[in-house]
Protein chains: 2
Amino acid sequence: MVTLPSSHSPTLNPLYRQVIGLVMRSLESGEWKPGEVIPSETLLAARYGVSQGTVRKAIDELAAEHLLVRRQGKGTFVATHADPRIFSRFLRVAANDGDLQPLRSEPLGCWRVKAGSDICHALNVEEGASVMLVRRVVLSGEMPAIFDEVYLAADFFADLTQETLLAGDVSLYGLYESQFGVRVIRAEERVRAILADPVSARFLQVAEGEPLLLVERTTFSYSDRPVEFRRSIFSTRHLHYRNELV
Amino acid sequence: MVTLPSSHSPTLNPLYRQVIGLVMRSLESGEWKPGEVIPSETLLAARYGVSQGTVRKAIDELAAEHLLVRRQGKGTFVATHADPRIFSRFLRVAANDGDLQPLRSEPLGCWRVKAGSDICHALNVEEGASVMLVRRVVLSGEMPAIFDEVYLAADFFADLTQETLLAGDVSLYGLYESQFGVRVIRAEERVRAILADPVSARFLQVAEGEPLLLVERTTFSYSDRPVEFRRSIFSTRHLHYRNELV
DNA sequence: CAGTGGTCTAGACCACCTC
DNA sequence: AGGTGGTCTAGACCACTGA
């Protein structure tokens, strides 16, 4: 470890915080990839020159943030969006009557476009930069349920094509991981009420002027790097946006 | 402790889980009230017959759920809605331009009413039971921002009056604690888009037919006991509903 | 069976707060 | 000075997994 354990040195940062930093570095660098096991607590303790209990506390925090997943008897794993539990944590849509029909993604297109200033700002790229735009409809059963416009920083996702999207799942984040090596860890959402314009009305098969929910989401990877800006629009006739406060 | 520590007995529940249960019981019974200090870790360890480290782990979990708050050098406290940090955790409204004007609550009335079946179901009272209904407008600066209808189980809140509400804060939860001994710990929200009807249009000073956000919230106390059902309606012209996903 | 995470303990020292 | 929570360690044993 960088800092001496206890006797001297006024412990600028707790040891376990430093361990968290080192583990994060290995996650960011791709030394341990999504879905893989990381070394055991004993090994990490030896590697970092701290006690096993200190490593445990560090991993506890990272597991609480859902960056790692512990599995007793097997080891500690890097969280992955291939895991359906993580998918459902990022899906805030629920059916009004309780049972959500299975969702299926239907990509409508994928283009390289010049982004507006709001999107450039959200993605932290310079004004007027070109970005990838993906449009899709999410079907619930056979009915169109959600109309999505997804913007991605072009330097990371330049070779994204509609074919790639067709192969992918409802969640795009598994795709980002497997095809582009980008791991989504966090998102911010802003929800508003709007009236259906001609475009969204057509894709959602609702009347113009119908009230719709607009969910704007900015998605982040490690080090708060923005990955995606997304506008999702849906009618709340059959669905709603759910949230838990604690 | 009920279960023997380790050598025999196949440890049905971990000790620290049992400690969590015991601490929760003291919270529910009101032995330790919101804002008060609870006994030190050392004292609790002696009281429960476990090591200080085990008490620490139990308190760690309860602090993570925001039921307790630790303050180094001072002690561990029962969380309270008098604390503004907790208030902001339960307020998901933010200004579109970033700075939210100070909020002020203006109660419109307080009645005892027969609740519809949806509200009875949410509050877990029998069909047709009478409940308290509070109507209020929340002002942001000088403008009406949010129109609220709050339903409360009448057996707990029977002697609620408009005068009591006038004395209270923007957050009703501090009032529930201090006046009715009910501590809110959790809420579920369902968000939908609607069109302004005559009533909400008048209170929010918007045109009829304007798209509005409807936030339905069910609030719970200890043991998942429902406390409150609330409908909040606001225009997203200047405000939005914010959320963080992790 | 060996290896992993999960629990529990005991003891040391640090950092902060109050008197 | 004496109390509180915060960090760190070392060691023991339990519970689960897979070869």
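Chain naming here is simple, since letters A, B, ... match the order of the sequence lines and numbering starts at 1 in each.
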Original post:
Separation of B:R56 atom CZ from D:dT7 atom P, in whole Å?
Top reply: 7 Å
Subject >> Whole-Å gap separating P (C:dT9) and CG (B:L44) >> reply: 14 Å
Subject >> Neighbours of DNA chain D within residues 69-86 of chain B, by heavy-atom distance under 4.0 Å >> reply: B:R70, B:R71, B:Q72, B:G73, B:G75, B:T76
Original post:
Has the side chain of B:E177 got a donor or acceptor atom that lies under 3.5 Å from a matching backbone atom of B:H81?
Top reply: yes
**OP:** Provide, to the nearest angstrom, the distance between the CD atom belonging to B:Q52 and the P atom belonging to D:dG6.
**Re:** 10 Å
Subject >> Atom pair distance, as rounded to whole Å: CG in B:L68 and C1' in D:dT4 >> reply: 15 Å
Subject >> Whole angstrom value for the distance that separates C1' of C:dC8 from CD of B:Q18 >> reply: 12 Å
Original post:
Which value, rounded to the nearest 0.5 Å, describes the distance between B:S40 atom OG and B:Q52 atom CD?
Top reply: 8.5 Å
Original post:
Below 4.0 angstrom, N of the basic side chain to O of the carboxylate: do A:E188 and A:R186 qualify?
Top reply: yes
Subject >> Electrostatic pair A:R47:A:E31 at N-O distance under 4.0 angstrom >> reply: yes
Original post:
Should B:E61 and B:R17 count as an ion pair when the cut-off is N to O under 4.0 Å?
Top reply: yes
**OP:** Give the rounded distance in Å between these two atoms: CG of B:L15 and P of C:dG6.
**Re:** 17 Å
Original post:
Atom OH of B:Y16 to atom P of D:dC13: distance rounded to whole Å?
Top reply: 21 Å
Original post:
Quick one: salt bridge (charged side-chain N to carboxylate O under 4.0 Å, His left out) partners of B:E216, sequence neighbours excluded?
Top reply: B:R190, B:R192, B:R231
Subject >> Distance test, side-chain N/O of A:K57 to OP1/OP2 of D:dC8, below 4.0 Å >> reply: no
Original post:
Are OP1 or OP2 of C:dT7 and a side-chain N or O of B:T54 less than 4.0 angstrom apart?
Top reply: no
**OP:** Find which nucleotide of DNA chain D each of B:L43 and A:S51 is nearest to by heavy atoms, and output the residue with the more 5' nucleotide.
**Re:** B:L43
**OP:** Specify the separation, in whole Å, of atom OH of B:Y48 and atom C1' of C:dC8.
**Re:** 18 Å
**OP:** Verify the distance criterion only: is there a donor paired with an acceptor across the side chains of B:Y48 and B:Q18 at less than 3.5 Å?
**Re:** no
